[in-house]
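Just follow the structure's listing: the first ligand is 1, and inside any ligand the first atom is 1. Computation of the quantities below employed the complete heavy-atom set of this structure, encompassing side-chain atoms and omitting hydrogens, waters and symmetry-equivalent molecules.
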Amino acid sequence: MSNKTQVLRGLYAITDSTLLADGRLLPYCEAALQGGAKLLQYRDKSSDGSRRLHEAKALQTLCQDYGARLIINDDVHLALELGADLHLGQEDGSLLQARQLLGPDAIIGATCHARLDLAEDAVKQQADYIAFGRFYNSQTKPGDVFASTELLEHAQQLQTPVVAIGGITLDNGSTLIKHGAAMLAVIHGLFAADSAAAVEQRARAFSALFTD
Ligand SMILES: Cc1ncc(COP(=O)(O)OP(=O)(O)O)c(N)n1
Ligand SMILES: Cc1ncsc1CCOP(=O)(O)O
Ligand SMILES: [Mg+2]
């Protein structure tokens, strides 16, 4: 398994059950990994536990093949069952309890919206990365509050990798990196594509934005 510091810079691909329906989940995620994605988040809001377990296991195998890490969104129990990593939002449970359950090697990330105080709390509770956003208009989550590039700069003082999310494309991603984003978390800009080949090409282009 790749260690934390190796994977906390670069493209962070996030699944979407609509964009990746009809058999696209595995080929499109594999294409993202082939194109260099370092983290892959399984984000599925359904309550179909057996499908979720089956899909997450398949994604975990893919991630292992490509030296990437699988992050489970929202669900600490699924992460524990798989020995996978975890992303928690402000309403998704305690970071400290998740750390106790998953152990020191797990990557645990936290949503901080557009607030530095939430990021400070998350770091105190041993989050491995802090996520801000949305930065631009997002088709996936249109109502979320906007975060600024100044916030990215202020967050550098926390000395914790900063993930940017929300409406990120190949045209606006480099600005966020310039202002301190260690990772770009992307759904539409990566997976709203006509073919797996197009996803791979986009993933390569996102990965190439990280020049150092
Ligand atoms: C990397 C990353 N950042 C933010 C989120 C959003 O988490 P949350 O606020 O819990 O919203 P949902 O994604 O659960 O709808 C995320 N998932 N990943
Ligand atoms: C989950 C989430 N949290 C804030 S914006 C967002 C959606 C990101 O998706 P997209 O890259 O399609 O804007
Ligand atoms: Mg959540």
Ignoring angles and geometry beyond distance, decide whether [X] reaches within less than 3.5 Å of ligand 2 through its nitrogen or oxygen atoms.
X      : answer
Lys141 : no
Ala185 : no
Thr140 : yes
Gln139 : no

Handout entry: Part of Ile187 within contact of ligand 2 (heavy atoms, under 4.0 Å)
Key =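 Near ligand 2, Ile187 shows its backbone as well as its side chain.
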Exercise for the section: Report the residues that fulfil side chain to side chain contact (heavy atoms under 4.5 Å, CB included) with Arg9, sequence neighbours left out, ordered by chain and then residue number. Expected result: Ile177, Ala182, Phe210, Asp212
Exercise for the section: Quick one: list whatever passes side chain to side chain contact (heavy atoms under 4.5 Å, CB included) with Ser94, sequence neighbours left out. Expected result: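 For Ser94, the residues satisfying side chain to side chain contact (heavy atoms under 4.5 Å, CB included) (neighbours in sequence not counted) are Leu96, Gln97.
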Exercise for the section: Taking the Mg ion (ligand 3) as the centre, count the protein N/O/S atoms lying under 2.8 Å from it. Expected result: 2
Hey, which atoms in ligand 2 end up nearer than 4.0 Å to a heavy atom of [X]?
X      : value
Ser138 : 7 (C), 8 (C), 9 (O), 10 (P), 13 (O)
Gly167 : 10 (P), 11 (O), 13 (O)
Arg43  : 1 (C)

Problem - Residues which pass ring pair (Phe, Tyr, Trp, His ring centres under 6.0 Å) with Tyr12, listed by chain and number, not counting sequence neighbours - result: Tyr129
Problem - Backbone or side-chain N or O of Tyr129 under 3.5 Å from ligand 1 N or O - result: no
